[in-house]
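Single-structure report; data block below.
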Amino acid sequence: MKNHLLFGLLIIMSLTACQKDFALLPKSKDKAGLLVKEIKYFHKLDDGTEPSKTDSTLYFYNDQKLLIRKENYDLGAIQTIVRVEVYTYDGRKRLIKEQTENLNGSVFRHTEYTYKGNSKRISTETKFNQAEENPHTHYEYEYNDKGQMIKMDRYNMGYSQLDNNATKMGLPFASTTEYYYKNNGSLRMSVFRPVYSTNFIKSVYIYNEANMLTEEYRDEILMNSYTYEADGLVKKFNGLGTLVEEVQYDKVGQIVSSKRFLSRSNSTRVYLTDYTYK
C-alpha cells in the first residue's frame, strides 16, 4: 500500500511535466492577454468567515511578451515580497534557465533546460542552492515525429537516503513515464514505471465529443471527473464524486478565477485565486 501511494504521487508529478490543459474550452477570436497579477485567498466554508488574502504574484514580460520575472508577496502577517523568480531565454525564445531567489539574493532553486537543434526540450535539470552535491532532479524527454512527448525519464540525484530497494541496487531513484495519444493528438494513456520495481501505474483519459477531458482513471479506478458549463465554469470531482475544484474560464480560454476545496475534520477549507490580464 505504501509503495502504491508513492507511485500515485509520482505519476501526478510526471504528468504535470508534460500534459497540456485538459479543460480546453472553445476559444473566441478575441486576443488573449498576458497574466499580470494573481491574488490568493483562504477561508473556511463552514464558519461563515470572509475570505482573507494570503499572497499574490506579479508577472513581468519583455518586449517580446516573454515572461522574465515573477514576484511573490506575502499578504498575511509579513506583508512583504518573499521570493523572486527570474527567467532567461535563448535567441529562439526558448526558456533555458529558471531561477528562484530569496530576499537576500541567494539562489534557492536553479533549473536549466536544454534543446536539440530546433527540436523540443530534451532535458531539464533542477538544483537547490546550485551545489552539485545537493539533491537535484534531472529529466530527459523523447518525442515522436509529431512532436508529442512519448517518454520522460526522471532521476533524483544526490540523496543520501533513498528507498531501500534503490539503495541496494546502487542507483539514484529513477522512473520512466510513457505517453500514448489518440489520432487527434489528445493524451489517451500514460504508464509510469519505477526502475527498481516491476510495478507500474497505468492512467487512462476519457474525453467527450468536444475533445474535453471528462474522466481520469488510474489502474482502472476512477480518480477524477470533469463537467463543463456554458459560461466557462469547469468543475472537478474526485473518484468519490466530491467537488474538489472549480475553474472559471473567460471566452478566450483564460482562467479568471479558481477554487480548491479541501475537507478536513468537520470543516471545508477553500483556496481561491483571482487572475488579472492586460
Side-chain angles (χ1 to χ4, degrees), residues 1-24 111 113-116 119-128 135-208 211-226 236-242 244-245 260 262:
M1 175 64 72
K2 181 178 179 182
N3 282 343
H4 188 78
L5 292 175
L6 174 63
F7 297 160
L9 291 173
L10 291 172
I11 188 65
I12 292 173
M13 290 186 288
S14 297
L15 286 172
T16 302
C18 87
Q19 72 183 30
K20 57 185 178 181
D21 186 0
F22 283 124
L24 293 177
T111 302
Y113 306 92
T114 57
Y115 304 82
K116 183 178 180 180
S119 66
K120 298 277 189 177
R121 182 183 303 166
I122 60 172
S123 69
T124 300
E125 180 108 357
T126 298
K127 298 179 181 178
F128 293 87
H136 58 281
T137 306
H138 180 82
Y139 290 91
E140 294 182 357
Y141 313 97
E142 291 183 17
Y143 302 85
N144 60 20
D145 294 338
K146 297 180 180 179
Q148 299 165 322
M149 185 187 297
I150 57 174
K151 184 180 178 183
M152 179 178 69
D153 294 328
R154 175 180 178 231
Y155 305 89
N156 281 358
M157 314 296 289
Y159 288 86
S160 58
Q161 294 182 353
L162 298 173
D163 181 276
N164 289 335
N165 291 329
T167 304
K168 189 179 298 183
M169 294 173 61
L171 296 172
F173 177 83
S175 65
T176 293
T177 306
E178 300 164 351
Y179 303 96
Y180 303 87
Y181 300 86
K182 299 168 60 176
N183 290 334
N184 62 8
S186 298
L187 180 66
R188 66 176 180 84
M189 183 176 69
S190 64
V191 179
F192 171 79
R193 306 177 189 273
V195 298
Y196 59 81
S197 172
T198 57
N199 294 326
F200 64 91
I201 291 179
K202 181 174 71 173
S203 297
V204 175
Y205 308 94
I206 307 298
Y207 302 80
N208 60 18
N211 199 36
M212 295 186 291
L213 182 71
T214 56
E215 295 175 332
E216 295 178 86
Y217 290 86
R218 192 166 303 144
D219 289 340
E220 300 183 354
I221 298 174
L222 178 64
M223 301 300 296
N224 297 298
S225 62
Y226 302 83
K236 178 181 179 180
F237 302 84
N238 63 20
L240 300 176
T242 303
V244 294
E245 188 172 5
R260 291 189 298 110
L262 180 61

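For clarity, every value in this text was computed on a predicted model and none was experimentally measured.
- Across all non-hydrogen atoms, the minimal contact from F192 to T177 is CD1-OG1, 3.4 Å.
- Scored by the side chain to side chain donor-acceptor pair (under 3.5 Å) test, T124 finds Y141 as partners (sequence neighbours excluded).
- Taking S123 as the reference, T114 meet the side chain to side chain donor-acceptor pair (under 3.5 Å) condition, with sequence neighbours excluded.
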Handout entry: CA sep, side-chain torsions, deciding dist, call: L222, Y217, side-chain contact (heavy atoms from CB on, under 4.5 Å)
Key = CA-CA 4 Å; L222 178 64; Y217 290 86; 3.7 Å; yes
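- Residues satisfying the salt bridge (charged side-chain N to carboxylate O under 4.0 Å, His left out) test with E215, not counting sequence neighbours, are none.
- Minimum interatomic distance between L213 and I206 (heavy atoms only, all atoms of both residues): CD1-O, 3.4 Å.
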Practice task
Determine, stepwise, if the pair S186 / Y205 fulfils side-chain contact (heavy atoms from CB on, under 4.5 Å).
Solution key: CA-CA 9 Å; S186 298; Y205 308 94; over 6 Å; no
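- A donor-acceptor distance shorter than 3.5 angstrom exists from the side chain of Y207 to the backbone of L187, with no hydrogens or angles considered.
- Checked against side chain to side chain donor-acceptor pair (under 3.5 Å), E140 has the following partners two or more places apart in sequence or in another chain: H138.
- Scanning for side chain to side chain contact (heavy atoms under 4.5 Å, CB included) contacts around Q148 gives N144, K146, Y181, with sequence neighbours left out.
- For K120, the side chain to side chain contact (heavy atoms under 4.5 Å, CB included) criterion is met by Y143, not counting sequence neighbours.
- What you find for K151 and Y179 is that their closest heavy atoms are N-CD1, 4.0 Å.
- With sequence neighbours excluded, no residue forms a salt bridge (charged side-chain N to carboxylate O under 4.0 Å, His left out) with R121.
- Here the shortest heavy-atom pairing between D219 and I201 reads OD1-CA, 3.6 Å.
- The closest donor-acceptor contact from the side chain of S203 to the backbone of S190 lies at 3.5 Å or more, if one exists at all.
- In this view, D153 and T176 satisfy the side chain to side chain donor-acceptor pair (under 3.5 Å) rule, not counting sequence neighbours.
- The 12-atom threshold is not exceeded at NZ of K116, counting heavy atoms of other residues, nucleotides or ligands nearer than 6.0 Å.
- Judged as a salt bridge (charged side-chain N to carboxylate O under 4.0 Å, His left out), the pairs with a partner in residues 190-207 (not counting sequence neighbours) are, in order, E178-R193.
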